[in-house]
Colleague: 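Starting off with a structure, shown below.
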2 protein chains.
Amino acid sequence: MGITKSQIFTEHQNDLAQFFKVLGHPARVAILQYISNQNASICNDLVEEIGLAQATISQHLKELKSIGLLHGEVEGKSMCYCINVERWTDLQNQLNTFFNNTKSNCC
Amino acid sequence: MGITKSQIFTEHQNDLAQFFKVLGHPARVAILQYISNQNASICNDLVEEIGLAQATISQHLKELKSIGLLHGEVEGKSMCYCINVERWTDLQNQLNTFFNNTKSNCC
DNA sequence: ATTTAACATCGTAATATTGCAATATTAAAA
DNA sequence: TTTTAATATTGCAATATTACGATGTTAAAT
């Protein structure tokens, strides 16, 4: 069907999966890394750096914004995008909690 | 197009994104959590616990196996699935490295 | 040997995602 | 005011994902 049955999972499971999902595309990984190296970035730099069409980069930026990982500031005609460090750290902690709670031995 | 342009990204970016992607479905999060709580699990338990069809659970298990996170052992007619702790820890370290390297202040 | 139980795989329908061209929108520059 | 530059949005085509019924496969139980 292509539709995820979110109703049968907990809110936490859905949230966690949503975070992972947004990070689950190489363009979005690359965007985060590039912004981090530059300490900030305008969209046009990303288009040239990454090599996807402007519309496509814009879409990926939107998804990263949707989970609060990026925020953009208008700078004249440009947008300055940067990582929301507080959210970034929060997310890292959440993922580590998941990893630590899910470790187990077996078989 | 629906097709990711993997060629334009580094192997590391693609690998990282692939890990995130596999974890980016609530059913797979739920499977990992359940297996962890039980310390191991047979597929049929998961079908009852999670409430997806057997074929669907089997498919999700396959994806978790594809990144080495789970391994299954034949136990008579059943399969005993469990988390590959070594791989699990390795993955956690990789993700933390990514998070630590990608932190940045801005704007 | 048959049956049964537990999984895996296949085929398929429905929906989601990716990517881009075309077209807004917005603000500075001319 | 018109132009230009930078980004967002829309509309689509191609491919991927999710889910499940039906059908294999395998090993224990009868």
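Quick note on labels: first sequence line is chain A, next is B, and so on, each numbered from 1.
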Colleague: Atom CD1 of A:I50 to atom P of D:dT7: distance rounded to whole Å?
Modeller: 13 Å

Colleague: Rounded off to whole Å, could you give me the CD1-to-P distance for the B:I3 and D:dT17 pair?
Modeller: 10 Å

Colleague: I need the CG-P distance between B:N44 and C:dC7, as an integer number of Å.
Modeller: 5 Å

Colleague: Within less than 4.0 Å of OP1 or OP2 of D:dC20, is there a side-chain N or O belonging to A:K5?
Modeller: yes

Colleague: Is any side-chain nitrogen or oxygen of A:K21 closer than 4.0 Å to OP1 or OP2 of D:dT17?
Modeller: no

Colleague: In whole Å, what is the span from the CD1 atom of B:I42 to the P atom of D:dT26?
Modeller: 20 Å

Colleague: Name the nucleic acid region contacted by A:L52, choosing base, sugar-phosphate or nothing; use a 4.0 angstrom heavy-atom cut-off, strictly under.
Modeller: sugar-phosphate

Colleague: Remember a base hit wins even if backbone is also touched, and classify A:I57 as base, sugar-phosphate or nothing at under 4.0 Å, heavy atoms.
Modeller: nothing

Colleague: Taking the six-membered ring for Trp, are A:F19 and A:W88 ring centroids under 6.0 Å apart?
Modeller: no

Colleague: From the set C:dA8, D:dA6, C:dC20, return the single nucleotide nearest to any side-chain atom of A:K77.
Modeller: D:dA6

Colleague: Atom NZ of B:K62 to atom P of D:dT17: distance rounded to whole Å?
Modeller: 12 Å

Colleague: Taking 4.0 Å as the cut-off, does a side-chain nitrogen or oxygen of A:T56 come that near to OP1 or OP2 on C:dC20?
Modeller: yes

Colleague: If you compare every side-chain N and O of A:H60 against the phosphate oxygens of C:dT17 (OP1, OP2), does one of them come in below 4.0 Å?
Modeller: no

Colleague: Within this structure, what is the CG-to-P distance between A:L61 and D:dA6, rounded to whole angstrom?
Modeller: 16 Å

Colleague: On DNA chain D, nearest-nucleotide positions of A:F9 versus A:D45: which is more 5'?
Modeller: A:D45

Colleague: Check whether any side-chain N or O of B:S58 sits under 3.5 Å from a backbone N or O of B:A55 as a donor-acceptor pair, and report yes or no.
Modeller: no

Colleague: When the ring planes of B:H60 and B:H25 are compared, do they come out parallel, tilted or perpendicular, using 30° and 60° as the limits?
Modeller: tilted

Colleague: What is the distance, to the nearest angstrom, from the CD atom on A:E75 to the C1' atom on D:dA5?
Modeller: 15 Å

Colleague: Using the closest heavy atom to pick a nucleotide of DNA chain D for each, name whichever of A:T4 or A:S78 lands nearer the 5' end.
Modeller: A:S78

Colleague: Need one value for A:A55: base, sugar-phosphate or nothing, where a base atom within 4.0 Å counts as base even if backbone is also close, heavy atoms only.
Modeller: base

Colleague: With a 4.5 Å limit on heavy-atom distance, are the side chains of A:Q54 and A:I57 in contact?
Modeller: no

Colleague: Return yes if a side-chain donor-acceptor contact under 3.5 Å exists between B:N96 and A:Q92, otherwise no.
Modeller: yes

Colleague: Rounded off to whole Å, could you give me the CD-to-P distance for the A:E73 and C:dA27 pair?
Modeller: 15 Å

Colleague: Can you see if the side chain of A:Y81 gets near the phosphate of D:dA8 - specifically, an N or O under 4.0 Å from OP1 or OP2?
Modeller: yes

Colleague: Using the closest heavy atom to pick a nucleotide of DNA chain C for each, name whichever of A:Q59 or A:G76 lands nearer the 5' end.
Modeller: A:Q59

Colleague: Indicate the atoms forming the closest heavy-atom contact of B:I50 with B:A30, along with that distance.
Modeller: CD1-CB, 4.1 Å

Colleague: With distance as the sole criterion, do the side chain of B:Q54 and the base of C:dA8 form a donor-acceptor contact below 3.5 Å?
Modeller: yes

